[in-house]
Every structure is written in structure tokens, then in C-alpha cells.
Protein chains: 2
Amino acid sequence: MVEYSISELDATFGALSDPTRRALLATLVLGEATVGELARPHEISLAAISKHIQILERAGLVRRRRIGRTHHISLEASPLLDAFGWLGAYQDFWDESLDSLAGLLERRS
Amino acid sequence: MVEYSISELDATFGALSDPTRRALLATLVLGEATVGELARPHEISLAAISKHIQILERAGLVRRRRIGRTHHISLEASPLLDAFGWLGAYQDFWDESLDSLAGLLERRS
DNA sequence: TGAATATTCAACCATATGGTTAACAATAAG
DNA sequence: CTTATTGTTAACCATATGGTTGAATATTCA
């Protein structure tokens with residue numbers, strides 16, 4: 001089993017635990033965007049979005065490039081990949097688990 | 001893109017954001033265990049472990065079977081699979097992202 | 001210079017974690 | 001019946017989120 005840095009996964013999974021932040025990432029996968037552009041589809045205040053972006057930034061999920069007065073935000077791949085890798089270690093477990101579920105369903109029919 | 005239920009992912013990623021809880025899951029992947037067995041390797045109080053297990057339970061990551069005075073905890077696959085699936089939607093992005101990194105490194109050499 | 005725009009920061013509030021210790025409940029065993 | 005054992009619950013404390021509104025900052029534009 002691969003070893004994963006503790007606190008990075010903490011921050012990554014913590015950042016992913018909020019639906020607004022997951023929506024921001026889903027927007028950013030389409031390409032870079034400014035804070036204002038990111039905020040527009042959401043009903044909460046710009047300040048709230050700003051705080052969400054700071055959390056994503058601290059988790060390394062996002063990078064910020066200042067151009068004049070606008071901040072351009074872009075998605076950063078590696079923490080997502082790490083989280084994916086961590087979960088992947090459980091793949092055997094759920095394969096097995098779903099197989100035995102399938103087995104149960106089969107025996108029932 | 002597949003749609004994912006909002007609040008379930010909230011709870012799943014939230015539960016995964018703590019290293020103690022991730023360690024509990026890593027133990028449980030080896031098989032069912034009692035609360036006491038789960039607590040033993042950790043230095044924090046049993047009450048703290050009990051609360052962690054409740055959070056895992058609320059997130060559906062774990063099930064509890066009471067046998068007499070002991071509680072037997074077992075891992076539940078599907079929320080992990082859902083989280084894995086959500087992250088998998090970003091696979092194209094990080095493939096591309098890592099490719100372009102590789103490209104950069106190549107051009108530099 | 002002065003006004004508009006893009007964002008952050010500060011202060012505040014409510015709720016959730018993450019931990020503690022102490023008390024309670026339920027079951028097992030002497 | 002009394003005492004251990006296994007866990008949960010309660011009360012408490014500190015810190016992080018998630019949101020608000022209002023003020024401060026930094027650019028850009030007229």
C-alpha cells in the first residue's frame with residue numbers, strides 16, 4: 001500500500017466536503033476563471049466565495065494569478081489525483097463487496 | 001457526466017478529512033472490529049473514537065451490529081465508491097495536466 | 001483627481017469538529 | 001447481588017466552517 005501525507009489529504013478531503021467548493025472545481029475544470037465569474041452562478045455573497053476559494057487554495061486544489069485587479073483562478077490536478085489514489089486502495093474491497101452483493105442477488109433469483 | 005447526490009458526498013468527504021477516521025477505515029478494510037479493538041492503536045480517549053465512529057456511521061461508511069455489550073463495526077463500500085466516482089470525473093483533467101507537465105519537462109531538456 | 005470595479009478583510013453569529021473528563025447504561029461474570 | 005467490562009452520553013473548551021454586512025485596498029477609467 002502506498003503511503004499518503006496526512007495533512008494534505010485532510011485539507012483535500014475537507015475542501016471537497018462542501019457542495020459550493022465542488023461546484024467551483026467543476027467550473028474550473030472547463031478552464032481558468034476570475035473570482036467574479038466563479039461567483040456569478042451562486043447565490044451567496046462574493047465574500048463567501050472568496051473564502052471558499054481561499055480554502056481550495058490552501059488545499060492546493062487551485063492556483064491564483066493576479067492580473068491587475070482581477071484574480072484568475074485555475075485548477076490544480078495533483079491533490080485530486082492523490083485523493084483518487086487514496087480511495088483507489090479500497091477498490092479491491094468494494095469490488096469484493098459488490099461481488100458478494102451480486103452473489104446474494106443471484107442466489108435469491 | 002454522472003450526477004452525484006449533494007449531501008452524501010458532503011458527509012463522505014467530510015468523514016474522510018480526518019486522519020484518525022481514515023486510519024479506522026484502513027483497519028476495517030481488514031475485516032469487522034469492535035469499538036475497543038478499533039480504539040486500541042490510537043492514543044485518544046475511547047469517547048473520542050466513539051464520536052469518530054458515529055461520524056463514519058452517519059456518512060454511511062460504516063455499519064454497526066450490536067452483540068451483547070460489544071458493537072461490531074464493518075466497512076460499507078458504496079460511499080467510497082461514490083467518492084471515487086466523483087473524483088474519476090476529473091481524470092481527463094489531470095491526465096492532460098500531467099501530460100502538459102511532461103511536455104514542459106521534455107522541452108526543457 | 002475622482003469615481004467605478006474587483007476582491008479581500010474584519011467583525012460578527014451559528015453550527016460542526018475534535019478533544020477532554022465524568023457520569024450513565026447495559027451486559028457479563030463472580 | 002455486586003462488580004467488571006464495553007460503549008455511549010453529557011458538559012465543557014478550542015478551533016474551523018459557512019454565512020452575513022460593511023469597510024478597506026488596489027486598479028482602471030473618465
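Chain letters run A, B, ... following the sequence lines, proteins first, then strands; residues in each count from 1. No hydrogens, no waters, no symmetry mates; every other heavy atom, side chains included, goes into these values.
- At whole-Å resolution of the value, CG in B:Leu16 and C1' in C:dT17 are 15 Å apart.
- Contact check of residues 30-48 of chain A against DNA chain C (heavy atom, cut-off under 4.0 Å) returns A:Thr34, A:Val35, A:Gly36, A:Leu46, A:Ala47.
- With contacts defined as side-chain heavy-atom distances shorter than 4.5 Å, the pair A:Glu76/A:Leu61 does not qualify.
- The number of heavy atoms from other shown groups lying within 6.0 Å of CZ (A:Arg63) does not exceed 12.
- In this entry the distance linking NE2 of A:His71 with C1' of C:dT8 reads 7 Å, nearest Å.
- Here the straight-line distance linking atom CG of B:Leu16 with atom CG of A:Leu16 works out to 9.5 Å at 0.5 Å rounding.
- Within residues 49-65 of chain B, the residues approaching DNA chain C are B:Lys51, B:His52, B:Arg58, by heavy-atom distance under 4.0 Å.
- A ring-ring contact (aromatic ring centres under 6.0 Å, His included) with A:Tyr90 holds for exactly one of A:Phe93, A:Trp94, A:Trp86; it is A:Trp86.
- In this structure, B:Arg66 reaches neither bases nor backbone, as no heavy-atom distance under 4.0 Å exists between it and the strands shown.
- Applying the 3.5 Å distance criterion, the base of D:dT6 shares no donor-acceptor pair with the side chain of B:Arg69.
- Under the 4.5 Å side-chain heavy-atom criterion for Ile, Leu, Val, Met, Phe, Trp and Tyr, A:Leu75 and A:Leu30 are members of the same hydrophobic cluster.
- The distance from atom CG of B:Leu38 to atom CD1 of B:Ile53, rounded to the nearest 0.5 Å, is 5.0 Å.
- Side-chain atoms of A:His42 and A:His52, non-hydrogen and from C-beta on, never get closer than 4.5 Å to each other.
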